[in-house]
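Take a look at the structure set out below.
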Protein chains: 2
Amino acid sequence: MFFLKELPTRQMIRGYAEQYPSADVDSVEQALKMMRQASLLVRRLETYFSHHGISQQRFLILIVLDREPERTSLLASEIAERVDVSRPVMTRTLRSLVDEHLITLSADTSDKRAKQVSLTEKGKTFLAEILPGYFSEIDKFMKESAP
Amino acid sequence: MFFLKELPTRQMIRGYAEQYPSADVDSVEQALKMMRQASLLVRRLETYFSHHGISQQRFLILIVLDREPERTSLLASEIAERVDVSRPVMTRTLRSLVDEHLITLSADTSDKRAKQVSLTEKGKTFLAEILPGYFSEIDKFMKESAP
DNA sequence: TAAATATGATTATCATGGTAATCATATTTG
DNA sequence: CAAATATGATTACCATGATAATCATATTTA
C-alpha cells in the first residue's frame with residue numbers, strides 16, 4: 001500500500017514532467033492522492049474487519065459467493081479470478097474460512113481436480129451481520145475526507 | 001489491497017443503504033472504485049519497482065530522504081512517521097537499503113538510542129534513475145483508465 | 001535525585017500478498 | 001490413442017504489512 005503522508009510536491013512532479021513532457025502533472029498528483037486515500041480506507045476497513053475476526057480478503061470471498069444468485073457454489077479458481085488474487089493465496093484463505101465454518105468445500109463431480117466452494121448458513125448470517133457496518137465505515141470515511 | 005473485479009452492484013449497496021439511511025450509495029460506490037483503481041496502480045508500480053530491484057516501500061524511504069533539502073539525515077522514527085508505516089517495518093526495510101548501499105546509518109550524537117539515516121551517492125543516483133519511469137508509469141495508468 | 005514513565009529501535013510472531021515448482025487430472029494434438 | 005499441453009489446486013519460499021514485548025536510553029515527576 002501507499003501511506004506516504006506528504007505527497008511529492010507539484011514542483012517536484014513538474015521537474016520530472018519536464019524530462020517526460022507527456023506526463024501530466026495534475027493526473028500524477030491526482031493518482032498519488034488516490035493511492036493515499038485508498039490506502040487509508042483499506043486500513044480503516046481492515047481495522048473494522050479485525051474487530052469481527054475476519055479480514056478484507058476473507059470478506060471478499062464471502063461477498064463473491066453470496067452474489068451469485070443462480071449458483072450454490074463456485075470453483076476456487078473462479079473465486080480467485082473474481083477477487084483477482086493468486087491461487088495460492090486463495091487456497092490458504094479458503095482453508096481459514098473452512099476452519100471458521102463459514103464455507104464448505106466439496107469435490108467437483110465432473111473434474112476430480114476441482115473443488116466447489118459454498119457458503120454455509122453461518123457464513124450467510126455472518127456476512128449479513130457485518131455488511132451494514134462495512135458500508136457504514138466506507139460512508140463515514142467518505143464524509144470525513146470530503147472537501 | 002482490494003482487487004475485486006466486479007464491485008458490489010448499486011442495487012446491493014442500496015439494499016444495505018436502506019438499513020442505514022445515512023449511507024450515500026454514490027459515495028460508497030465511488031469509494032469501492034477508488035480502492036480497486038488504487039490497488040491496480042499499486043500493483044503496476046510494484047511490478048515497475050521489481051524490475052529495478054526495489055520495492056514501493058524502499059522507494060518511498062529514498063524519496064522522503066531526498067525531499068529534505070535542509071537536512072542531510074533523518075531519524076528512523078521520523079521516516080516511519082512520514083512514510084506512515086510501523087517502526088518494525090522501518091527497521092527491516094532500512095536494513096535492506098543498507099545492504100544495497102543506498103543509505104547509511106549512523107549513531108545520533110545526542111541520543112544514543114537513535115539512528116540517523118542518510119542517502120548515499122549511490123542512493124541519490126539510483127533515485128534519479130528510477131523516478132522518471134515512476135511518474136511515467138503513473139501517467140500511463142491514468143491515461144489508460146481515463147473515461 | 002530516585003523512581004516512574006516515555007521513547008527509539010529491535011526482535012519475535014503472525015497475516016497476507018506474490019512467484020515458481022509440483023501433483024493430479026483434463027484436454028488437445030500429432 | 002499416446003504424447004504433449006493445459007488447468008485446478010497445492011506446497012514451498014519470499015516480501016511486506018501489523019502488534020506485542022523487550023532493551024537501552026531520555027525525560028518527567030514525586
Side-chain angles (χ1 to χ4, degrees), chain A residues 1-4 35 38-40 42-61 73-100 105-117, chain B residues 1-4 35 38-61 73-100 103 105-117:
Chain A
M1 297 304 291
F2 181 94
F3 292 124
L4 190 65
M35 285 194 289
S39 298
L40 291 176
V42 168
R43 185 186 267 173
R44 183 85 71 92
L45 292 172
E46 290 290 8
T47 301
Y48 172 72
F49 288 130
S50 75
H51 291 336
H52 295 268
I54 198 171
S55 69
Q56 169 129 253
Q57 179 58 19
R58 296 202 287 275
F59 168 77
L60 291 177
I61 292 172
S73 65
L74 290 175
L75 291 184
S77 49
E78 290 178 309
I79 302 175
E81 207 281 331
R82 284 164 168 76
V83 177
D84 198 5
V85 81
S86 67
R87 286 194 205 174
V89 169
M90 192 48 53
T91 296
R92 186 212 286 148
T93 313
L94 289 176
R95 186 155 43 226
S96 78
L97 286 168
V98 169
D99 290 349
E100 294 163 68
L105 305 184
S106 52
D108 185 288
T109 48
S110 63
D111 187 334
K112 290 181 185 171
R113 296 166 305 180
K115 282 189 179 171
Q116 294 285 348
V117 183
Chain B
M1 302 295 294
F2 182 94
F3 292 125
L4 191 64
M35 284 194 289
S39 298
L40 290 177
L41 177 51
V42 168
R43 185 186 267 174
R44 181 85 72 93
L45 292 172
E46 290 290 9
T47 300
Y48 172 72
F49 288 130
S50 74
H51 291 335
H52 294 269
I54 198 171
S55 69
Q56 170 131 253
Q57 180 59 21
R58 296 202 287 276
F59 169 77
L60 291 178
I61 292 171
S73 67
L74 290 175
L75 291 185
S77 49
E78 290 178 309
I79 302 175
E81 207 281 333
R82 283 165 169 74
V83 177
D84 198 5
V85 82
S86 67
R87 286 194 204 174
V89 170
M90 192 49 54
T91 296
R92 186 212 286 148
T93 313
L94 289 176
R95 186 154 45 224
S96 77
L97 286 168
V98 168
D99 290 348
E100 295 164 68
I103 61 168
L105 305 183
S106 52
D108 186 288
T109 49
S110 63
D111 187 334
K112 289 181 187 173
R113 295 166 305 179
K115 282 188 178 171
Q116 293 286 348
V117 182

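Below, chains carry the letters A, B, ... as their sequence lines are ordered, and counting in each starts from 1. Only this structure's heavy atoms are used, side chains among them; waters, hydrogens and symmetry mates stay out.
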Residues that A:F49 engages under ring pair (Phe, Tyr, Trp, His ring centres under 6.0 Å), provided they are two or more places apart
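For A:F49 the ring pair (Phe, Tyr, Trp, His ring centres under 6.0 Å) partners, ignoring immediate neighbours, are A:F59, A:Y134.
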Compile the donor-acceptor pairs under 3.5 Å between side chains in residues 89-99 of chain A and protein atoms, sequence neighbours left out, one pair per line.
unit_1, atom_1, unit_2, atom_2, d
A:T91, OG1, A:R87, O, 3.2
A:T93, OG1, A:V89, O, 2.6
A:S96, OG, A:T93, O, 2.9

Non-neighbouring partners of A:D108 that pass side chain to side chain contact (heavy atoms under 4.5 Å, CB included), sequence neighbours left out
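A:D108 satisfies side chain to side chain contact (heavy atoms under 4.5 Å, CB included) with A:L75, A:S110, A:D111, A:A114, A:Q116 only.
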Just jot down the side chain to side chain contact (heavy atoms under 4.5 Å, CB included) partners of B:S50, sequence neighbours excluded, or say none.
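So B:S50 forms no side chain to side chain contact (heavy atoms under 4.5 Å, CB included) with any residue.
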Starting at the 5' end of DNA chain C, which residue's closest nucleotide do you reach first, A:K112 or A:S96?
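In this pair, the answer is A:S96.
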Contact pattern, 5' to 3', of nucleotides 1-10 of chain D - B, S or - by protein heavy atom under 4.0 Å
-----BBBSB
With respect to the phosphate group of [N], does any side-chain polar atom (N or O) of [X] fall under 4.0 Å of OP1 or OP2?
| X | N | answer |
| --- | --- | --- |
| A:Q57 | C:dG17 | yes |
| A:S86 | C:dG17 | no |
| B:S55 | D:dT16 | yes |
| B:R58 | D:dA15 | no |

Hey, could you give me the [atom1]/[atom2] distance between [X] and [Y], rounded to the nearest 0.5 Å?
| X | Y | atom1 | atom2 | result |
| --- | --- | --- | --- | --- |
| B:R44 | B:S39 | CZ | OG | 13.5 Å |
| B:I61 | B:Q56 | CD1 | CD | 11.0 Å |
| A:T47 | A:H52 | OG1 | NE2 | 11.0 Å |

Using a 4.0 Å heavy-atom cut-off, does A:T47 contact any base of the nucleic acid, only the sugar-phosphate backbone, or nothing at all?
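Nothing, no heavy atom under 4.0 Å.
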Between the opening five pairs and the closing five pairs of the helix from C:dT1-D:dA30 to C:dG30-D:dC1, how far apart are the helix axes, to 10°?
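The end axes of the helix from C:dT1-D:dA30 to C:dG30-D:dC1 are about 10° apart, to the nearest 10°.
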Find the distance [X]:[atom1] to [N]:[atom2] and express it as a whole number of Å.
| X | N | atom1 | atom2 | result |
| --- | --- | --- | --- | --- |
| A:E100 | C:dA15 | CD | C1' | 12 Å |
| B:D84 | D:dA18 | CG | C1' | 13 Å |
| A:E46 | C:dT16 | CD | P | 8 Å |
| A:F59 | C:dT16 | CZ | C1' | 17 Å |
| A:F49 | C:dA15 | CZ | P | 17 Å |
| A:H51 | D:dT19 | NE2 | P | 11 Å |
| B:Q56 | C:dG18 | CD | P | 15 Å |

Contacts of type side chain to side chain donor-acceptor pair (under 3.5 Å), residue A:E100, not counting sequence neighbours
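With sequence neighbours excluded, A:E100 shows a side chain to side chain donor-acceptor pair (under 3.5 Å) to no residue whatsoever.
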Minimum heavy-atom separation for A:D84 and B:R43, please, with both atom names.
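The answer is O-NH2, 3.0 Å.
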